[in-house]
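Here's the structure, in structure tokens; my notes come after.
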Amino acid sequence: MKKSERLLKNKDFINVYKQGKIVRNPSFLLFYIKNETTKNRVGFSVSKKTGKAHERNKIKRILKDIYIKHRNEIKDGYDFIFLVRKINKEDNYSDIEKIILEIFKKVNPYR
RNA sequence: GAAAGUAGGACAGGCAAUCGCCCUGAUGUUUCAUCGGGGAGGAAAGUCCGGGCUCCACAGGGCAGGAUGCUGGGUAACACCCAGUGAGGGUGACCUCAAGGAAAGUGCCACAGAAAAGAAAACGCCCCUGACGUUAGUUAGGAGCAAAGCUGAAACGGUGAGGUAAAAGCUUCACCAGCUUCGGGGUGAUCCGAAGGCUUGGCAAACCCCAUCUGGAGCAAGAUCUAAUAGGAGAGAAGUCCUUAGGGACAAUAGUGACCCGCUAUUCUCUCGGGUAGAUCGCAUGAGCGGUAAGGUAACUUAUCGCCUAGAUAGAUGAUUGUCACCCCGAAGUCCUUCGGGGCACAGAACUCGGCUUACGGACUACUUUCGUUU
RNA sequence: GCCCCCAUCGUCUAGAGGCCUAGGACACGGCCCUUUCAAGGCCGCGACGGGGAUUCGAAUUCCCCUGGGGGCA
């Protein structure tokens, strides 16, 4: 995932949190908003409550991987933020993938 | 063979395929491609100590506060490490210890107990005398004692013998502990020996005393660059006249006001300062790592040769599959092979080093101890 | 990443080495009172975050973990 496809600045995050729409799920929150470009940008947010440093990193890697796998199913021109609320430590890659797909279906830009 | 102990380390899975990440070199060319190189740990963790580095403060010194606390050494420094001393634990290899001072002073020691620290006998023991009583004993007075008993976590040296009415370190004895002095070994903590007088409770992770060290904050420290917006300080020019200059006088516009005076403000340029967002530096050649030699019991030091080994900033190493290696369980047998299933930890660099502490599935190497068996 | 602070019944708290078998208020349960409810009275339930050290003795002193909360551009 190139840097141009990611949200990097704190300003961008605040903008999406304040202006964007929300899809709720016990495990995740997904914020999204239309941006000015023709590309999609994604950010991931995992709080310290979720786990230790290496566990948080692992969740972010898995989320990135799932996003890359399924990004063609979403229209261009949006900013997204995945916020992790609570996650089972036993959940593996395919469990998280299922949850993310469920969330994608609730999103407006879903094809 | 089993069970243990100690130390070590470039141990902490390897390889391949597919899809991907960060840094970097070259080429194309521009911010994307292609090819090449590099890319987490022993604890990267907790942030508990000690440094480097940066900024702030500071004449010098002291007090207060904080830290350390057997001795000697190592180190940039330490609360760390090494060697030793003493105490405690273990059959042993070995392990553990905040281990200075309680005759500098103050304070505390609940309950129980006669008594909890400069001294006492109200529980008691023993003897004498009187009274009562046949006796056992009871009671009053006097003298002696602190041994035994009782209490407690702890009782003013301990054990045994002599001694006595009962007793007592009682200038009586033996052994032991402690104190003081002397002699000897050791740099020293301390150890060994002799003599003396007979003896001094515990708590300093209670206040404290003594010795040594100690300014504060932290890389989100701090430095540099500059866009935009708002606003601050200074200088000059904006009109005219006077004056060497400093400056002064008179005007213009707007506000206040009914109007004038008065007061306040006004445009442009330059400089300085402030400083948020962003970028760059800080930022990886260092008390560095490895080999060899010398010194030292060792920690470590010195010399010399070789090597360069992550650098992100919403924060880089992952996912899937196959296979091999290792471990565990089950089954089969040709007794070390096959098949099936499962497992492979704790955990992710954020300025950087030295430690400590905590988490952790296991594998290996070396040395040592105890027990069992065989020869 | 760095720097601080806190932890006692379900909740808010008292406690400063022995009087702690940890006190109080609210809440909860039972009984009394009342025609009933509330208020009131009596009784009960219920806690020192975990481990180690010092001490004769620790909620209290010291060390190490664990879990919360806050600050720094």
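The CD1 atom of A:I66 sits 11 Å away from the P atom of B:U320 (whole-angstrom rounding). Rounded to an integer number of Å, the gap from A:E55 CD to B:G318 C1' is 16 Å. If you take CD1 of A:I96 and C1' of B:U320, they are 15 Å apart, rounded to a whole angstrom. For the pair A:K52 NZ and B:A345 P, the interatomic distance rounds to 16 Å; values are reported in whole Å. Across the protein-nucleic acid pair, A:D65 atom CG and B:U18 atom C1' stand 12 Å apart, rounded to whole Å. A straight line from NZ of A:K60 to C1' of B:U317 spans 15 Å, rounded to a whole angstrom.
Comparing B:G90 with C:C64, their P atoms are spaced 29 Å from each other, to the whole Å. To the nearest whole angstrom, the two C1' atoms, one in B:A76 and one in B:G286, are 14 Å apart. Straight-line distance between the P atoms of B:A7 and B:C48: roughly 28 Å, to the nearest whole Å. B:A314 and B:G42 are spaced 28 Å apart, taking the P atom of each and rounding to whole Å. When the C1' atom is compared between B:G41 and B:U317, the two are found 13 Å apart, to the nearest whole Å. Spacing between B:G105 and B:C80 at atom P, rounded to whole Å, works out to 34 Å. Nucleotides B:G118 and B:C156 are separated by 16 Å at their P atoms, to the nearest Å. Taking the C1' atoms as reference points, C:G68 lies 15 Å from C:G50, given to the whole Å.
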What verdict does the side chain to side chain contact (heavy atoms under 4.5 Å, CB included) test give for A:V84 and A:L63, after you've listed the backbone C-alpha separation in whole Å, the side-chain angles of each residue and the deciding distance to 0.1 Å? CA-CA 10 Å; A:V84 177; A:L63 287 175; 4.1 Å; yes
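Taking 90° from 0 as the syn/anti boundary, the base of B:U309 is oriented syn. In this structure, B:G169 is classed as syn because its glycosidic torsion stays within 90° of zero. In textbook terms, a nucleotide whose glycosidic angle is within 90° of 0 is syn, while B:G88, being further out, is anti.
Using cut-offs of 30° and 60° on the angle between ring planes, the pair A:F104 and A:Y67 is perpendicular.
Pair assignment for B:U271: B:A233, on the basis of Watson-Crick or G-U wobble contacts that are both within less than 3.5 Å. When both pairing distances are held under 3.5 Å, B:C250 makes a Watson-Crick or G-U pair with B:G239. Summarising the base pairing, B:U358 is matched to no nucleotide, lacking a Watson-Crick or G-U wobble pair whose two defining distances lie under 3.5 Å. Of the nucleotides present, B:G216 is the one that pairs with B:C55 by Watson-Crick or G-U wobble criteria, both distances under 3.5 Å. Partner assigned to B:G222 is B:C281, using Watson-Crick or G-U wobble distances below 3.5 angstrom. Nucleotide B:G36: paired with B:U24 (Watson-Crick or G-U wobble, both distances less than 3.5 Å). The partner of B:C108 is B:G202, by the rule that a Watson-Crick or G-U pair needs both atom distances under 3.5 Å. Across all strands shown, B:A298 remains unpaired; no Watson-Crick or G-U wobble contact has both distances below 3.5 Å.
Checking side-chain atoms of A:E102 against main-chain N and O of A:I99 turns up no donor-acceptor pair under 3.5 Å. Not a single donor-acceptor pair under 3.5 Å links the side chain of A:D79 to the backbone N or O of A:I33.
OP1 or OP2 of B:A319 lies within a sub-4.0 Å distance of a side-chain N or O belonging to A:K58. At B:C21, none of the side-chain N or O atoms of A:R61 fall inside 4.0 Å of OP1 or OP2 (strictly under the cut-off).
Nearest nucleotide to the A:K64 side chain, out of B:G315, B:A319, B:A314: B:G315. Distance from the side chain of A:S45 is smallest to B:A314 among B:A314, B:A316, B:A349.
Taking the centre of each ring, A:F82 and A:F44 come in below the 6.0 Å mark.
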